[in-house]
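Worksheet: one structure, shown below.
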Amino acid sequence: MIVIREGDHAMARRSSLWHRTVATVVNELLHPEVPPRGLTAAGCSATEPLLL
């Protein structure tokens, strides 16, 4: 899970950060032949929610 700071309505209030984050993660998940990196790898291996 990735939590956006001050994100009670992140899709509206912090839309550019929300959009970039989702686009990055989805893009990496759609290419399973390449190991996840960066935010995607951190999110997949985290034991606690990540806070952006």
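Counting only heavy atoms from C-beta outward, the side chains of Leu52 and Leu39 approach each other to under 4.5 Å.
Expressed to the nearest 0.5 Å, how far CG of Leu50 lies from SG of Cys44 amounts to 9.5 Å.
Contact detail for Pro36 and Ala41: the closest heavy-atom pair is O-CB, 3.6 Å.
Cluster membership for Val26 and Trp18, using ILVMFWY side-chain heavy atoms within less than 4.5 angstrom, is shared.
Shown are Leu29, Thr21, Asn27; of these, the side chain to side chain contact (heavy atoms under 4.5 Å, CB included) with Thr40 is made only by Leu29.
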